[in-house]
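Here the structure comes first, spelled out in structure tokens, and everything after it is commentary.
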Amino acid sequence: MVGALLWRGMLVGALAGLLAFAFLKTLGEPSVDQAIAFETQHDIGKASAHEHGGHQHGAVPQAAEPEPDLVSRAVQAGLGLFIGVAVYSTAFGGLFGLAFALAYGRIADSGPRATSALLAALGLVAVYVVPSLKYPANPPAVGDAETIGLRTALYFSMIALSLAATIAVGMLRARLQPRLGAWNATLVAGAAYIAAMAVAALALPAINEVPDGFPATVLWQFRIASLGAQAILWTTLGLLFGPLAEGLAGRPRGLAQPAEPLARRG
């Protein structure tokens, strides 16, 4: 049963990847090209200033040899983008299927479709929106290459903390619901999540490597494109996975009480 949910999630994730690729190719790549153009002009300006200073001090300027591109920009914006988005989306689809198997019948008294939609909404917030408030997405040309390891580690730390907080407040809501009711328990759990993530955001170091003079419009367009791609991924998972899981579970639509959690079967 869990294996069937896994490959169904991967199938929906692959479809979501196609949609996200089309979106990023149309709306995301232009901002990446503009960011690369800015970086190129910035590097040329620094080289020119260095050469001018060398002339003033009597040094013989040496022409800087451009570093060869291991992968052409055309391949990066086409096949490379497609493969990256497809692998990412398919993997997340599989993880979504596993998460559904664990969550079904536990996080809400609803059927597969509503559970899938709720799980996708929580995933979008916990995996992307909240971590991006602390460490927003930047174009590939923005940032110091020497700090990429640190930036990646901090970003994934924020995701891990957000997921852990989501699971913890879900357990808190389940404990409080018999005493406070579903609505009040949800409000308390939501407030606890916000407080926990605020503390995490304040504890983790801030990183801002956007160079001076970088076009704010380009940065904004890239971040909107990144958010849009994530919204497409999670919306597709939430809306399409539910019907597939419903058919697998064999439960009639609209049944009030959920069946035994799928993770306990087979």
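Note that the structure is a prediction, hence the values are computed from the model and not measured. We count residues from 1, following the sequence as given.
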ask   = Given side chains that start at C-beta, do those of Glu29 and Leu24 come closer than 4.5 Å, heavy atoms only?
value = no

inquiry  = Would you compute the distance between atom CE of Met158 and atom OH of Tyr135 and round it to the nearest 0.5 angstrom?
reply    = 7.0 Å

Heavy-atom pair with the smallest gap, counting every atom of Thr236 and Val12 = O-CG1, 3.7 Å

key: Connected-component partners of Ile167 among ILVMFWY, side-chain separation under 4.5 Å   = Met171

task = Find out if a path of hydrophobic residues (ILVMFWY) with successive side-chain heavy-atom gaps under 4.5 Å connects Leu233 to Leu239.
result = no

Side chain to side chain donor-acceptor pair (under 3.5 Å) pairs, two or more places apart, involving residues 187-199 = Ser162-Tyr193

inquiry  = Under a 3.5 Å distance rule, please check whether Lys134 uses its side chain to pair with a backbone N or O of Leu154 as donor and acceptor.
reply    = no

query = Is any side-chain heavy atom of Pro30 less than 4.5 Å from a side-chain heavy atom of Gln221?
reply = no

ask   = Which atom names give the shortest non-hydrogen contact between Phe214 and Pro139, and what distance separates them?
value = CZ-CG, 4.2 Å

remark   = Separation between CG (Leu219) and CD1 (Ile224), nearest 0.5 Å, reads 10.5 Å

key: Hphob cluster co-occupancy, Tyr155 + Phe92, side-chain heavy atoms under 4.5 angstrom   = yes

inquiry  = Run the side chain to side chain donor-acceptor pair (under 3.5 Å) test on Tyr128 and Ser226 for me, step by step, so that the C-alpha distance in whole Å, both residues' side-chain angles and the decisive distance to 0.1 Å come before the verdict.
reply    = CA-CA 10 Å; Tyr128 183 78; Ser226 179; 2.7 Å; yes

message = Apply side chain to side chain contact (heavy atoms under 4.5 Å, CB included) to residues Arg173 and Val188 and explain how you reach the verdict.
response = CA-CA 7 Å; Arg173 178 186 178 277; Val188 173; over 6 Å; no

key: Results of side-chain hydrogen bond (donor to acceptor under 3.5 Å, both in side chains) for Ser157 - residues two or more places apart only   = none

inquiry  = Within the supplied structure, the quantity of interest is the number of heavy atoms (other residues, nucleotides, ligands) at a distance under 6.0 Å from Ile148 CD1; does it exceed 12?
reply    = no

ask   = To the nearest 0.5 Å, how far apart are OG1 in Thr26 and CZ in Phe21?
value = 8.5 Å

inquiry  = In this structure, would Val199 and Leu163 fall into the same cluster of hydrophobic residues linked by side-chain contacts under 4.5 Å?
reply    = no

task = Could you tell me whether the side chain of Ser116 and the main chain of Gly238 form a donor-acceptor pair under 3.5 Å?
result = yes

ask   = Do you know the tightest heavy-atom contact between Phe241 and Leu5?
value = CE1-O, 3.6 Å

request  = Considering non-hydrogen atoms only, spot the tightest contact between Val85 and Ala20 and give its length.
outcome  = CG1-CB, 3.9 Å

Worked verdict on Tyr104 versus Leu119 for side chain to side chain contact (heavy atoms under 4.5 Å, CB included) = CA-CA 9 Å; Tyr104 182 59; Leu119 194 62; over 6 Å; no

request  = Starting at CZ of Arg175, measure out to CG of Leu180 and round the result to the nearest 0.5 Å.
outcome  = 13.0 Å

note = On a heavy-atom basis, the closest approach of Gly93 and Leu237 is CA-CD2, 3.8 Å

Arg223 (side chain) donor-acceptor with Ala137 (main chain) under 3.5 angstrom = yes

message = Side-chain heavy atoms nearer than 4.5 Å, only ILVMFWY residues, links allowed to pass through others: does that put Leu187 and Ile194 together?
response = no

message = If hydrophobic clusters are built by linking Ile, Leu, Val, Met, Phe, Trp and Tyr wherever their side-chain heavy atoms come under 4.5 Å apart, do Leu11 and Leu240 end up in the same one?
response = no

Straight-line distance of Leu244 CG to Arg8 CZ, nearest 0.5 Å = 6.5 Å

note = Correct closest heavy-atom pair for Ser31 and Val218 would be O-CG1, 3.4 Å

message = Distance check, rounded to the nearest 0.5 Å: Leu133 atom CG versus Met197 atom CE?
response = 9.5 Å

